[in-house]
Amino acid sequence: MSLQQDSFALKGNICYSINPREVYCGENCYVVCAEGRSAGVFRELPEQFSKLHVYDCGDCVIIPGLTDLHTHAPQFANRGMAMDLQLLDWLNTYTFPEETKFADLEYARRAYGMFVHELKQGATTRACIFATVHVPATVWLMDELERSGLCTYVGKVNMDRNSPKELVERTADSIADTTAWLRQIDGRYSRTSPMLTPRFIPSCTDELLRELGHMAQQYQLPVQSHLSENPAEVAWVKELCPWAKTYGHAYDKWGLFGSTPTIMAHCVWCPDAEMELMKKNGVTIAHSPSSNRNLSSGIAPAKDCLDAGLKIGLATDLSAGESSSILKVMSDAIAVSKLRWRYIEEQTPPLTMEEAFYMGTIGGGSFFGKVGSLEAGYEFDAVVIDDHELIHPQELTLHQRLERIIHLSAHCHVVKKYVRGREIFL
Ligand code: GUN
Ligand code: FE
């Protein structure tokens with residue numbers, strides 16, 4: 001094997017998800033990165049890799065990079081506050097006024113710089129990100145993300161109805177701006193990709209959705225949006241689209257519900273028919289438990305979705321979600337699933353730690369390809385976590401240390417990070 005920059009080994013305590021029920025935990029093991037992909041995890045370094053440089057991570061814990069399937073970069077300013085309203089009032093009172101500021105590129109540069117800095121410092125290596133309607137600010141966000149070394153999808157938001165005058169687009173302008181945006185970034189990045197982003201049904205006319213559906217087909221672009229988040233929102237969609245059998249059908253009609261790879265955030269209030277359509281169309285669910293709690297949206301049936309074989313990963317949904325940490329979201333997913341078990345659905349037990357870890361790694365990572373594990377063949381996204389603040393005289397297994405990292409992530413530090421085999425300097 002030739003010695004290359006993207007070929008090396010890490011030595012440390014290695015954890016990765018095998019499936020939703022099992023986590024591999026190997027103490028003092030090696031994980032080999034060969035040309036940007038994992039060549040496997042080993043107790044002893046195989047002879048064929050003996051010439052590789054080995055970085056000794058000491059007693060740290062090495063996990064796959066985490067995927068945030070849905071977040072809003074411009075809402076970073078509002079994180080950790082303004083969570084006293086439900087979705088529709090929250091959008092009008094706090095969120096739309098903040099997003100309006102991104103017409104000013106100077107403001108956008110400062111605000112997006114802070115968002116990208118925080119994303120880079122944490123355990124997330126992949127993310128699907130909403131920008132705003134503004135093209136120059138969106139391109140600047142993409143430039144900054146590309147510089148960060150993370151792998152991301154980014155969407156210029158489309159919204160042509162039921163939105164404040166500072167944000168609402170004319171339908172033709174929304175399409176023209178989206179086309180201009182795609183032209184401007186064509187061929188510009190290796191780690192940053194565009195994603196069509198109709199905000200949600202209440203803010204997009206049928207005409208806009210039809211055009212976006214054509215663009216998705218024509219350019220084979222992935223799609224991201226919101227689905228069945230809040231009861232008042234779902235009722236409003238019924239009024240706006242009386243012809244639609246479900247909220248999801250209002251996207252599906254225009255080819256925006258799995259015709260190309262598609263992420264739908266929330267999915268708290270999906271009727272069975274909507275879940276079935278998501279399964280049939282291969283739509284990925286971005287489970288956002290922290291956001292759903294903060295906006296009193298409800299508790300999504302994440303465990304049922306996993307068990308039914310739907311594609312599901314985790315999302316911070318900043319700033320409805322208060323934290324940019326997917327470890328925190330794993331902890332919240334487990335916590336709210338216990339309330340669902342107690343109060344809503346006695347027959348479905350809560351999520352386990354293994355299931356939450358699976359959703360935050362392979363579950364979301366799969367949207368990006370072979371991503372989210374350290375097993376041989378996966379793209380080498382790895383995070384080295386120092387959990388020494390959580391160590392106690394008691395004996396702990398590596399599995400217990402991982403559980404504690406998930407639930408007490410604020411006491412852990414990311415000390416090294418790799419994306420596609422390249423080190424991200426923190
Ligand atoms: N639905 C439409 N826009 C938004 C948003 O910005 N955040 C959340 N949580 N839901 C939405
Ligand atoms: Fe959202």
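Predicted, not measured: the structure shown is a model, and the values here were computed from it. Each ligand, and each atom within it, is numbered from 1 in the order the structure gives.
Contact analysis leaves Glu233 out of contact with ligand 1, as no non-hydrogen atom separation drops below 4.0 angstrom. Taking a 4.0 Å cut-off on heavy atoms, Trp90 registers as neighbouring ligand 1.
With respect to Arg293 and Asp332, a salt bridge is recorded, a charged nitrogen being found less than 4.0 Å from a carboxylate O.
Judged by a 6.0 Å distance limit and a 45° cone about the ring axis, Lys303 is not positioned over the six-membered ring of Trp341. Judged by the 6.0 Å distance and 45° axis criteria, Arg188 is not positioned over the aromatic ring of Trp181.
As for His72, its N/O/S atom nearest the Fe ion (ligand 2) is the one called NE2. Note on His226: its N/O/S atom closest to the Fe ion (ligand 2) is NE2.
The Fe ion (ligand 2) has an N, O or S atom of Asp317 under 2.8 Å away, backbone or side chain. Taking 2.8 Å as the criterion, His70 counts as a coordinating residue of the Fe ion (ligand 2), since one of its N, O or S atoms falls below it.
Looking at Asp387 and His411, their side chains never bring a donor and an acceptor atom within 3.5 Å of each other. At a cut-off of 3.5 Å, with distance as the only test, no side-chain donor of His266 or His287 sits close to an acceptor on the other residue.
At under 3.5 Å, a nitrogen or oxygen of Asp317, whether backbone or side chain, sits near a nitrogen or oxygen of ligand 1. The shortest N or O to N or O distance between Thr95 and ligand 1 is not below 3.5 Å.
Nearest protein neighbour of atom 3 (N) of ligand 1, counting heavy atoms only, is Arg199 NE, 2.8 Å. The nearest heavy-atom contact from the protein to atom 10 (N) of ligand 1 is Glu229 OE1, 2.7 Å.
You'll find the ring centres of Phe200 and Tyr247 outside the 6.0 Å limit.
No side-chain heavy atom of Glu233 sits under 4.5 Å from any side-chain heavy atom of Trp236.
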